[in-house]
2 protein chains.
Amino acid sequence: MARRGDHTFEELSSMILNAAYEILETEGFQKISTRKIATKIGYTVGTLYNVFQNLEDIFIHLNARTLDSLIKSLSESDVTSIKSLAYAYVKFSQESFNAWSLLFEYQFDDKTQFPRWYQPKVDSLLGIVANSLKDLSGKCSPEKTKESIIVIWSSIHGICILSNRGKLNKTGASDPKSLIDNLIDNYLKGLLA
Amino acid sequence: MARRGDHTFEELSSMILNAAYEILETEGFQKISTRKIATKIGYTVGTLYNVFQNLEDIFIHLNARTLDSLIKSLSESDVTSIKSLAYAYVKFSQESFNAWSLLFEYQFDDKTQFPRWYQPKVDSLLGIVANSLKDLSGKCSPEKTKESIIVIWSSIHGICILSNRGKLNKTGASDPKSLIDNLIDNYLKGLLA
DNA sequence: ACCTGAACACCGTTCAAGT
DNA sequence: ACCTGAACACCGTTCAAGT
């Protein structure tokens, strides 16, 4: 066929990401391949490498999208309540299971450099959580507050993992909402006691 | 070369698992391949399929080993204290990072059937945790106790994930011990209040 | 400048053929 | 009965050659 010029760099970029995101959502990140993406958009594999560094680079851009929609989901809940944020987070992790999986479980190569725009997205996510806990800062030291935010966040994340996969409890899958209530109620009670 | 008979079925089985475990520990599960294992033990790939169903089957057996050594590690700590169990768990996840990763992060195919002997190992792991929290049963209902065990366990797991990878906090990696103290102290205080 | 097509170095899995 | 070797259907990545 040879050159096309049918699409600009930006068009190609979003065609690639759209195709990849489609495979991600329907089949999971394990099934994403450069060749499959290329076929979907009607180009050969080589073309992907004009737009992205490699497959991991594409994964990073997919994760950026997922972060954006996760932030959007959380923002649409009651951002003043840590519990409603946690519910929204669980809901997102269930509804966008494959995307969430790539975001939090894919192990990037240690050498992989993340682009500058990535970390701010993560920070704004943590900012939403921190904001819902700002009453703490009246009761605890700034260090304690910061640490507590990390504790709550990672605990909620742990509960998501546990309830989304059957890793440890093949039997008796507990309702994640109930686990989150249990966690947050008791933890905050202890912290503010 | 043709047939060897140099090794029994059981010998072959442990040769394969040893080779696979070696790759797992040094390079991570992503780098395990049937061809690499075969080369390491001096057989061709086909031989692996006389002993194991497929690569996932080998992974399950690797996870069984990891579960055993995790259980051993936890048993050697002060099993009456949830905090020392949590410390031991964090330590294990750091020292055996790649094995821990395969155990908790690899996504097996939904169709994959786990062998009968697998779940009892998981149960005995949870049993150790449950045992360290048995004072709770005096204070809470059995259901509440069970749920609280899951909450604590998954929260500790979440803290491990957070501190082992740089997923959310590229900046300011908190000491996991301090996070665990924070979690358990406050959570139990609230629960027993 | 952009894209192709073929190549390179890998995969997991199967199975007829050999001993 | 056990193992090989080749085949099949895939991978990610690179790059000379075409337009």
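In this text, all values refer to a predicted model and were calculated from it rather than measured experimentally. Letters A, B, ... mirror the listed sequences (proteins, then strands); counts begin at 1.
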K.L.:
Determine the Euclidean distance between corresponding P atoms of C:dC10 and D:dA9; express it in Å to zero decimal places.
P.N.:
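Approximately 22 Å lies between the P atom of D:dA9 and that of C:dC10.
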
K.L.:
Please determine, by modelled atom types, if B:N182 and A:Y187 share a side-chain donor-acceptor pair under 3.5 angstrom.
P.N.:
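Checked: B:N182/A:Y187 side chains pair up, N/O donor to acceptor below 3.5 Å.
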
K.L.:
Taking only residues two or more places apart in sequence or in another chain, which ones pass side-chain contact (heavy atoms from CB on, under 4.5 Å) with B:S137?
P.N.:
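Partners of B:S137 under the side-chain contact (heavy atoms from CB on, under 4.5 Å) test: B:T145.
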
K.L.:
Rounding to an integer number of Å, can you tell me how far A:Y43 OH sits from C:dG5 P?
P.N.:
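So the two atoms are 13 Å apart, to the nearest Å.
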
K.L.:
For B:D6 and D:dA1, what is the distance between atoms CG and P respectively, to the nearest whole Å?
P.N.:
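Spelled out: CG on B:D6 to P on D:dA1 is 19 Å.
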
K.L.:
Can you sort out the partners of A:F59 under ring-ring contact (aromatic ring centres under 6.0 Å, His included), two or more places apart, ordered by chain and number?
P.N.:
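For A:F59, the residues satisfying ring-ring contact (aromatic ring centres under 6.0 Å, His included) (neighbours in sequence not counted) are A:Y106.
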
K.L.:
Applying side chain to side chain donor-acceptor pair (under 3.5 Å), can you list everything that pairs with A:D181, at least two apart in sequence or on another chain?
P.N.:
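Expected list: A:Y87.
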
K.L.:
At under 4.0 Å between heavy atoms, which parts of nucleotides 7-12 of chain D does protein reach? Answer with one letter per nucleotide, 5' to 3': B base, S sugar-phosphate only, - none.
P.N.:
B---BB

K.L.:
Quickly work out the B:I41 CD1 to D:dC2 C1' distance and round it to whole Å.
P.N.:
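In whole Å, D:dC2 C1' lies 13 Å from B:I41 CD1.
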
K.L.:
Look at the side-chain N and O atoms of A:T47 and state whether any lies under 4.0 Å from the OP1 or OP2 oxygen of C:dC2.
P.N.:
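Answer no for this pair, as no side-chain N or O of A:T47 is under 4.0 Å from OP1 or OP2.
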
K.L.:
Considering only residues two or more places apart or on different chains, which pairs with a residue in residues 37-48 of chain A satisfy salt bridge (charged side-chain N to carboxylate O under 4.0 Å, His left out)?
P.N.:
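Passing the test, one end in residues 37-48 of chain A: A:E22-A:K40.
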
K.L.:
If I take atom CD in residue B:E11 and atom P in nucleotide D:dC3, what distance separates them, rounded to the nearest angstrom?
P.N.:
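Whole-Å distance recorded here is 11 Å.
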
K.L.:
What stems, by residue range, does DNA chain C take part in, given at least 3 consecutive Watson-Crick or G-U pairs under 3.5 Å?
P.N.:
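Stem list for DNA chain C: C:4-8 with D:12-16, C:12-16 with D:4-8.
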
K.L.:
Could you list the residues that satisfy ring-ring contact (aromatic ring centres under 6.0 Å, His included) with A:Y21, not counting sequence neighbours?
P.N.:
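Partners of A:Y21 by the ring-ring contact (aromatic ring centres under 6.0 Å, His included) criterion come out as none, since no residue qualifies.
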
K.L.:
Mind jotting down which residue pairs meet the salt bridge (charged side-chain N to carboxylate O under 4.0 Å, His left out) criterion with at least one end in residues 42-71 of chain A? Sequence neighbours excluded, please.
P.N.:
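Output for this query lists A:D68-A:K121.
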
K.L.:
Hey, could you give me each pair passing salt bridge (charged side-chain N to carboxylate O under 4.0 Å, His left out) that has a residue in residues 182-193 of chain A? Not counting sequence neighbours.
P.N.:
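Sorted result for residues 182-193 of chain A: A:K83-A:D185.
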
K.L.:
Contacts to DNA chain D from residues 12-25 of chain A, heavy-atom cutoff under 4.0 Å, which residues?
P.N.:
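Hits under 4.0 Å, by residue number: none.
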
K.L.:
Which residues pass the ring-ring contact (aromatic ring centres under 6.0 Å, His included) test with A:F92, sequence neighbours left out?
P.N.:
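For A:F92, no residue satisfies ring-ring contact (aromatic ring centres under 6.0 Å, His included) once neighbours in sequence are set aside.
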
K.L.:
Go through the structure and list residues passing side chain to side chain donor-acceptor pair (under 3.5 Å) with B:S124, not counting sequence neighbours.
P.N.:
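Not a single residue meets the side chain to side chain donor-acceptor pair (under 3.5 Å) criterion with B:S124.
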
K.L.:
What class does the angle between the rings of B:H61 and B:F52 fall in, given that below 30° is parallel, 30 to 60° is tilted and above 60° is perpendicular?
P.N.:
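The rings of B:H61 and B:F52 stand perpendicular, inter-plane angle above 60°.
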
K.L.:
Round to a whole Å and report the spacing from CG of B:D57 to C1' of C:dT13.
P.N.:
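Distance, rounded to whole Å: 14 Å.
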
